Novice: 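Please read through the structure below; I'll follow up with questions.
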Amino acid sequence: MNTSARYDAQETEAKWQRVWAERRTFEASEDPGRRKYYVLEMFPYPSGRIHMGHVRNYTLGDVVARYKRAKGFSVLHPMGWDAFGLPAENAARDQGVHPAAWTYDNIANMRDELKAMGLSLDWSRELATCHPGYYEQQQKLFLDMYEADLVYQRESWVNWDPVDHTVLANEQVIEGRGWRSGALVEKRELSQWFFRITAFADDLLEALEALDRWPPQVRTMQRNWIGRSEGLTMSFEIVGRDDGLDVYTTRHDTIFGASFMALSADHPLASEAADRDPGAAEFVAECRRMGTSEEAIETAEKKGYDTGLRVRHPFVEGRELPVYIANFVLMEYGTGAIFGCPAHDQRDLDFARQYGLPVLPVVVPEDADAARFRVGDEAYLDVRNVVLANSRFLDGLSVDAAKEAVAERLESAGRGKRTVNYRLRDWGASRQRYWGCPIPMIHCGDCGIVPVPEEDLPVLLPEDVTFDKPGNPLDDHMAWRRVDCPACGKPSLRETDTLDTFVDSSWYFARFCSPRADAPVDETAIRYWMPVDQYIGGIEHAILHLLYSRFFMRAMGRCGHLEFDEPFSGLFTQGMVCHETYRDGDGNWRYPEEVTRDPSGRPVLAESGLPVEIGRSESMSKSKKNVVDPSSIIGRYGADTARWFMLSDSPPERDLEWTDAGVSGAWRFVQRLWRLVQELSVHAGEAGAGRPPAVPEGPDGELRRAAHRTVAAVGDDIEAFRFNKAVARIHEFVNVLGSWTPPGRAERSDEAAAVLREALEAVVQLIGPMTPHVAEELWRRLGHETLLADTPWPTADPELIEEESVTIGIQVSGKLRGTIEVARDSDEALVREAALAHANVRRNIGDRTVRKVIVVPNRIVNVVL
RNA sequence: GCGGGCGUGGCGGAAUGGUAGACGCAACGGACUUAAAAUCCGUAGGGCGCAAGCCCGUGCUGGUUCGAGUCCAGCCGCCCGCACCA
């Protein structure tokens, strides 16, 4: 055996990847006799190359998948492609390649890169959302949901880029301009398709409680996003008119502090005012022009326009409140109108100060003098330890009691209604794009909207499109658009909007259970595999993707496709991969591989020797060039090294700092393990020869205990996603093996050899999920004919895990003064005795009286003076 | 503004309220080598001391406790998410 040669990662990794593929080792099967485990990492967008975030994500998932396999589970661990989306169209426009060709090329390349990582994936289930086999089923789901009234079309305001002829998402609008064209974005009302996610708002909120294997912060973020609030919808009489003005409020206790009403610019009464008053019209137009970017909103001053309308205060005879159009009121929330109570709402206060409106405090601290209490520049928002004041029948009540009283009176007068409101809006899923799932709908002049009959599915994307004009190529493709109405036969037009790519990713995990089925999901398969036991991905999807997926399972359930609500019973959100940033003298970002050190250790550009400034470490991004290409790392060190480094230092939920030193450390570890196991294997017994003695004495016993303790600890750590600690435990054990010395001729025994073999096999098995190739190779070299990938996880003998003796610290008045070694679970009196006998402890006690001795078994002794 | 997280050696990080700094990286010393790389052995929070040992030390200030990195209160700093949501 050649033990001195270095481990050749390239050759060995390729070999075992081939073997696993040939033997279909990781293809999942529905085995009713075994417990199932579904591990899934968020599928990638096929951008063309994998990045370090992928490497981390898929390494974490693969550790879990391989570990669970070894633990005897029937594991499903599939991979696919989130393949629709704008970049393909941009590539088409800029490079003249068809989006499909570009996408499938990228997929082919990324598949090769992922395969080089040695992931235990079931590639037979691979799917791409841009494949007609996938989106046909999605179109079926869309039609089912339309049937179930979970999909509808309505007019809605969108950000319209007049140059690119496209709708922009809020995050694509930067300072009021299109992110690509730079054109001033307009608000336009377009007909859009929506998913009725709000139908499940309460359920989506309440069910979060039961998701106890989700990170708490993700649940909180979803809770905030859904934003349930309990309030009152109340109607104000408009002076001189028959109709009323409805507002929604959660602070009806402050009704006596109301000093104005405010309408959204999109409110019907605002439009009405604009029709008769050019000033109002100008103000409404100004509001619409106002950018939707965060910055614009944040810096915008509170502005309003008096419509001239007045409403009556519901409880104060003769008090009338002016009705303004205000730039800070949202049409989409509540009724699009509010009453303003400046004393107890910051926005209302800012507004009131601007327009000289009264500020009357009606909620004051319990111990305050209501007559003297004043509100300055900050609204008084406390709701605890406060009482109502200046509020007639509410005076002296708590906030809650006052709300109750107001609601009671208005409800019985028919002028109010307790209402639950949500921040969550229905999901606008229309995109005016080509490279997405066609919405299977037809617009008929006579019949209106007609669904495409199921037998006519899929509605395929036409291939002969061009991208030389801005806008959606489908709009111009009349041959594709023209179709006879399925209901009346009259010439009609297809819907040209395609679906938001979040739709594609809202059910792909269900499709993986039966990826080629002729229905969206196969009942038997989905019953066996779903829900996903462990989902792993970035925190950036904490809200939308996960919320949409949760909605989709409910919607699919209502359409009879499945019988569960929650898609992911366990969720893990990994941290990002970071790297230092570099700038040259001209302030340009530089790639890490362009930077080297000069003889004095200063960072310089490799090509010119000019100095480089090192910036803070940030999440790897192309724009800052602080990226390291995974393929070049894997090509140089091998996948095992990259994987080991990904797992070794940082806890997986935290950000990981990518460093060259860390990678070479991981590489050295792989090499060391390789040498060590082979060198020691010469002294180990034959594979499957004898069992080691139960609890051997001396060094053999120590080795055996260390092995079993490590097995137990690593298993626990993997279960708890503490991969960095698992790595540390393996390091410790390898250090133990490293200091193992071959016995002299006299001490050699079959039993000792068996102990060593057990230890070597344990370490190889423990690294199996993390560095699978070197582990598989060592397993073979240890004499096994079967694959490590098919070998059950080792079990730890509880008797061997317990330490025989423990070192306990001795404190005098809480300060450590020494340690003693005693037998485990020693008698307390004995420990106390030994502690008090310790020389340094006696010295520290001196001639003072021992008042008390606290003995914590196997832990510590504290001598209290 | 609201919500969440974090603050420990030169660095990444360990530590059921019980010996702070496991494990790794970087560093330093030594062995091997003509030399280097690789490898192996060793040192290592700061300070004082020949040593035994002592003092200080987990962002800051207090508190609870026999005992606090850990629990509580109040600050400071950093990061993330959401945000005119009435």
Side-chain angles (χ1 to χ4, degrees), chain A residues 6 215-221 223-225 227-229 231-232 247-252 254 262 264 294 297-298 300 302 326-330 332-341 344-348 350-351 378-379 381 421-425 539-540 542-543 575-576 617 644-645 648-651 653-657 659-666 668-669 671-672 675 722 724-735 738-739 806-820 839-840 843-844 851-865:
Chain A
R6 274 202 177 177
Q217 76 269 26
V218 173
R219 292 196 278 167
T220 305
M221 284 160 78
R223 219 171 273 131
N224 293 344
W225 187 264
R228 182 190 151 100
S229 76
L232 187 73
V247 305
Y248 173 73
T249 179
T250 55
R251 287 303 302 275
H252 30 296
T254 64
S264 159
E294 263 180 47
I297 288 167
E298 216 163 313
K302 303 282 176 289
N327 65 350
F328 65 92
V329 180
L330 304 173
E332 304 86 53
Y333 188 78
T335 62
I338 60 159
F339 77 75
C341 176
H344 306 295
D345 184 288
Q346 193 59 45
R347 296 156 300 183
D348 297 348
D350 294 346
F351 189 83
E378 280 188 28
L381 303 174
N421 235 312
Y422 298 93
R423 213 186 69 101
L424 183 69
R425 315 262 155 76
I539 187 81
E540 66 273 20
I543 298 175
M576 294 180 295
S617 177
W644 186 256
F645 174 64
S648 18
D649 276 355
S650 298
E653 68 277 10
R654 267 192 239 175
D655 286 354
L656 171 88
E657 175 74 15
T659 60
D660 289 345
V663 180
S664 47
R668 281 199 302 272
F669 176 79
Q671 296 288 339
R672 179 178 183 214
R675 273 195 317 270
R722 293 185 298 242
N724 57 322
K725 287 186 68 186
V727 165
R729 301 308 299 258
I730 292 171
H731 270 296
E732 280 175 349
F733 185 50
V734 169
N735 288 341
S739 53
V806 288
T807 308
I808 58 180
I810 309 161
Q811 299 176 331
V812 178
S813 298
K815 279 183 187 283
L816 186 73
R817 295 302 177 191
T819 59
I820 51 172
N840 196 43
R843 216 169 53 73
N844 274 280
R851 286 200 298 154
K852 195 158 52 155
V853 179
I854 290 160
V855 180
V856 182
N858 300 326
R859 284 273 174 198
I860 205 160
V861 177
N862 192 6
V863 181
V864 185
L865 299 178

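All values reported here derive from a predicted model rather than from experimental measurement. Here is the naming used below: chain letters follow the sequence lines, and residue numbers restart at 1 for every chain.
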Novice: From the options B/C54, B/C56, B/U19, select the nucleotide whose nearest atom is closest to the side chain of A/Lys815.
Specialist: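 Between B/C54, B/C56, B/U19, the one nearest the side chain of A/Lys815 would be B/C56.
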Novice: About how many Å separate CE of A/Met576 and OG of A/Ser617, when rounded to the nearest 0.5 Å?
Specialist: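 Answer for the OG-CE pair, A/Ser617 versus A/Met576, is 9.5 Å.
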Novice: Side-chain N or O of A/Tyr248 versus OP1/OP2 of B/A86: is the shortest distance under 4.0 Å?
Specialist: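 No, because none of the side-chain N or O atoms of A/Tyr248 sits under 4.0 Å from OP1 or OP2 of B/A86.
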Novice: Can you find an N or O donor on one side and an acceptor on the other, under 3.5 Å apart, linking the side chain of A/Arg425 with the base of B/C85?
Specialist: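 Yes, the side chain and the base share a sub-3.5 Å donor-acceptor pair.
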Novice: Measure distances between side-chain N and O atoms of A/Arg817 and base N and O atoms of B/U19, and say whether any donor-acceptor pair falls under 3.5 Å.
Specialist: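 When only heavy-atom distances are counted, A/Arg817 does not reach the base of B/U19 through any donor-acceptor pair under 3.5 Å.
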Novice: What's the gap between B/G9 and B/G57 when it is taken at their C1' atoms, as a whole Å value?
Specialist: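 B/G9 and B/G57 have their C1' atoms separated by 10 Å.
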Novice: B/C85, B/C54, B/A14: which one has an atom nearest the side-chain heavy atoms of A/Pro651?
Specialist: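 Side chain of A/Pro651 sits closest to B/A14.
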Novice: For A/Trp644 and A/Phe669, take the angle between the two ring planes, folded into 0 to 90°, and tell me which bin it lands in: parallel under 30, tilted 30 to 60, perpendicular over 60.
Specialist: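 Answer is parallel, since the angle falls under 30°.
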Novice: Are OP1 or OP2 of B/A14 and a side-chain N or O of A/Arg654 less than 4.0 angstrom apart?
Specialist: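 So the side chain of A/Arg654 is within the cut-off, an N or O lying under 4.0 Å from OP1 or OP2 of B/A14.
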Novice: Less than 4.5 Å apart, side chain to side chain, heavy atoms only: is that true for A/Ile338 and A/Tyr333?
Specialist: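 No, too far: nothing below the 4.5 Å cut-off.
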Novice: Do the side-chain N or O atoms of A/Ser229 get closer than 4.0 angstrom to the phosphate oxygens (OP1, OP2) of B/A86?
Specialist: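 Yes, because at least one side-chain N or O of A/Ser229 sits under 4.0 Å from OP1 or OP2 of B/A86.
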Novice: Looking for any heavy atom pair under 4.0 Å, which part of the strands does A/Asn862 touch: base, sugar-phosphate only, or nothing?
Specialist: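 Counting heavy atoms under 4.0 Å across all strands, the contact made by A/Asn862 includes a base.
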Novice: I'd like to check A/Asn844 versus A/Lys815 (side-chain heavy atoms, cut-off strictly below 4.5 Å). Are they in contact?
Specialist: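 A/Asn844 vs A/Lys815: side chains apart.
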Novice: I need the CE-P distance between A/Met221 and B/G5, as an integer number of Å.
Specialist: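 Atom CE in A/Met221 sits about 13 Å away from atom P in B/G5.
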Novice: If you take all heavy atoms of A/Ile808 and A/Asn858, which pair is closest and at what distance?
Specialist: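 Smallest heavy-atom distance, with atoms named: CG2-C, 3.4 Å.
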Novice: Would you indicate, yes or no, if B/G53 has its OP1 or OP2 atom less than 4.0 angstrom from a side-chain nitrogen or oxygen of A/Asn844?
Specialist: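 Looking at the OP1 and OP2 atoms of B/G53, neither is under 4.0 Å from any side-chain N or O of A/Asn844.
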Novice: My understanding is that a pair needs two contacts under 3.5 Å, Watson-Crick or G-U wobble. By that rule, which nucleotide pairs with B/G53?
Specialist: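 Its partner is B/C48.
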Novice: So what does A/Arg223 hit on the nucleic acid, given a heavy-atom distance under 4.0 Å: a base, only sugar-phosphate, or nothing?
Specialist: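 Nothing, no nucleic acid heavy atom in range.
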Novice: Tell me whether the side-chain N/O atoms of A/Arg219 come closer than 4.0 Å to OP1 or OP2 in B/G4.
Specialist: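 So the side-chain polar atoms of A/Arg219 never come under 4.0 Å of the phosphate oxygens OP1 or OP2 of B/G4.
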Novice: Take the protein atom CG of A/Asp660 and the nucleotide atom P of B/G24, then report the distance between them rounded to whole Å.
Specialist: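 After rounding, the gap between these two atoms is 20 Å.
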Novice: In whole angstrom, what separates A/Asn421's CG from B/C85's P?
Specialist: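 From A/Asn421 CG to B/C85 P: 13 Å.
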Novice: In whole Å, measure the gap between the C1' atoms of B/C71 and B/C78 for me.
Specialist: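 About 24 Å, rounded to a whole number of Å.
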Novice: At 4.0 Å (heavy atoms only), tell me whether A/Val861 reaches a base, stays on the sugar-phosphate, or touches nothing.
Specialist: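 Contact class for A/Val861: none.
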Novice: Among the candidates B/C54, B/G3, B/C85, find the nucleotide nearest to the side-chain atoms of A/Tyr333.
Specialist: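 Nearest listed nucleotide: B/C85.
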Novice: Using whole Å, report how far CG of A/Asp649 lies from P of B/C23.
Specialist: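 So the CG-P distance, A/Asp649 to B/C23, works out to 14 Å.
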Novice: Please report the distance, rounded to the nearest Å, between CG in A/Leu656 and P in B/G13.
Specialist: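 A/Leu656 atom CG is separated from B/G13 atom P by 9 Å.
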Novice: Quick check on B/A14: is either OP1 or OP2 less than 4.0 Å from any side-chain nitrogen or oxygen of A/Asn724?
Specialist: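 Answer is yes, contact under 4.0 Å.
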Novice: May I ask which nucleotide in the shown strands pairs with B/A15, Watson-Crick or G-U wobble, both distances under 3.5 Å?
Specialist: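 Partner of B/A15: none found under 3.5 Å.
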Novice: How long is the line joining CD of A/Glu732 and C1' of B/A22, in whole Å?
Specialist: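 Atom-to-atom, A/Glu732 to B/A22, this comes out as 6 Å.
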Novice: For the residue pair A/Arg851 and A/Val864, establish whether any side-chain heavy-atom pair is separated by less than 4.5 Å.
Specialist: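 Sidechains of A/Val864 and A/Arg851: in contact.
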Novice: Looking at A/Arg668, does any N or O in its side chain come under 4.0 Å of the phosphate oxygens OP1/OP2 on B/A26?
Specialist: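 So the side-chain polar atoms of A/Arg668 do come within 4.0 Å of the phosphate oxygens OP1 or OP2 of B/A26, strictly under.
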Novice: Among B/G24, B/C82, B/G18, find the nucleotide with the atom closest to the side chain of A/Asn735.
Specialist: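 Comparing B/G24, B/C82, B/G18 against the side chain of A/Asn735, the answer is B/G24.
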Novice: Any N or O donor-acceptor pair linking the side chain of A/Arg729 to the base of B/A22 at under 3.5 Å?
Specialist: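 Checked by distance alone, the answer is no.
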Novice: Given B/C66, B/A86, B/G18, which nucleotide is nearest the side-chain atoms of A/Val856?
Specialist: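 That would be B/G18.
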Novice: Is it the case that B/C23 (base atoms only) and A/Lys725 (side chain only) share a donor and an acceptor within less than 3.5 Å, ignoring hydrogens and angles?
Specialist: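 No, no donor-acceptor pair under 3.5 Å.
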Novice: Taking the side chain as C-beta and beyond, is there a heavy-atom pair between A/Arg672 and A/Val734 under 4.5 Å?
Specialist: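 Answer yes - side chains close enough.
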Novice: Using a 4.0 Å heavy-atom cut-off, does A/Ser648 contact any base of the nucleic acid, only the sugar-phosphate backbone, or nothing at all?
Specialist: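 Since no nucleic acid heavy atom lies under 4.0 Å of A/Ser648, the category is nothing.
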Novice: Looking at CD1 of A/Ile860 and OG1 of A/Thr819, how far apart are the two atoms once the value is rounded to the nearest 0.5 Å?
Specialist: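 A/Ile860 CD1 to A/Thr819 OG1: 10.5 Å, rounded to 0.5 Å.
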Novice: Taking pairing as Watson-Crick or G-U wobble with both contacts under 3.5 Å, can you name the mate of B/C82, or confirm there isn't one?
Specialist: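 Across any shown strand, B/C82 pairs with B/G1.
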Novice: Need the pair for B/G29. Rule: Watson-Crick or G-U wobble, both distances under 3.5 Å, any strand; none if unpaired.
Specialist: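 The answer is B/C41, by the H-bond criterion.
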Novice: Could you tell me whether B/G7 is syn or anti, where syn means a glycosidic angle within 90 degrees of zero?
Specialist: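 Glycosidic conformation of B/G7: anti.
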Novice: Using atom C1' of each nucleotide, how far apart are B/U64 and B/U70 to the nearest Å?
Specialist: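 13 Å, rounded to whole Å.
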Novice: What is the pairing partner of B/G7, taking Watson-Crick or G-U wobble pairs with both distances under 3.5 Å in any strand?
Specialist: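 Per the H-bond distance test, B/C76.
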Novice: Looking at every strand, decide which applies to A/Gln217 at a 4.0 Å heavy-atom threshold: base, sugar-phosphate, or nothing.
Specialist: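 Sugar-phosphate only.
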Novice: With A/Ser813 as reference, evaluate A/Leu865, A/Val863, A/Asn862 under the side chain to side chain contact (heavy atoms under 4.5 Å, CB included) test and give the passing residue.
Specialist: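 Output: one option passes, namely A/Leu865.
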Novice: Look through every strand shown and name the nucleotide pairing with B/A35 as Watson-Crick or G-U wobble, where both distances are under 3.5 Å.
Specialist: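 Its partner: none found.
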Novice: Under a 3.5 Å cut-off for both contacts, is B/U70 paired Watson-Crick or G-U wobble with anything, and if yes, with which nucleotide?
Specialist: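 Across all strands, not a single nucleotide pairs with B/U70.
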Novice: A/Arg672 has an atom CZ; how far is it from atom P of B/U39, in whole Å?
Specialist: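 After rounding, the reported distance stands at 10 Å.
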Novice: Base, sugar-phosphate or nothing for A/Pro216? Non-hydrogen atoms, less than 4.0 Å.
Specialist: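 Here A/Pro216 touches no strand at all.
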Novice: May I have the distance from A/Lys302 (atom NZ) to B/C85 (atom C1'), rounded to whole angstrom?
Specialist: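 Taking NZ of A/Lys302 and C1' of B/C85, I get 13 Å after rounding.
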Novice: Where the side chain of A/Thr220 is concerned, which of B/G3, B/G18, B/C82 is the nearest nucleotide?
Specialist: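 For the A/Thr220 side chain, the nearest candidate turns out to be B/G3.
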Novice: Would you mind telling me which of B/U16, B/C66, B/G81 lies closest to the side-chain atoms of A/Ile543?
Specialist: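 Shortest atom-to-atom distance from the side chain points to B/G81.
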Novice: Could you check which of B/C25, B/C82, B/G12 has an atom nearest any side-chain atom of A/Arg423?
Specialist: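 Out of B/C25, B/C82, B/G12, the nucleotide with an atom closest to A/Arg423's side chain is B/C82.
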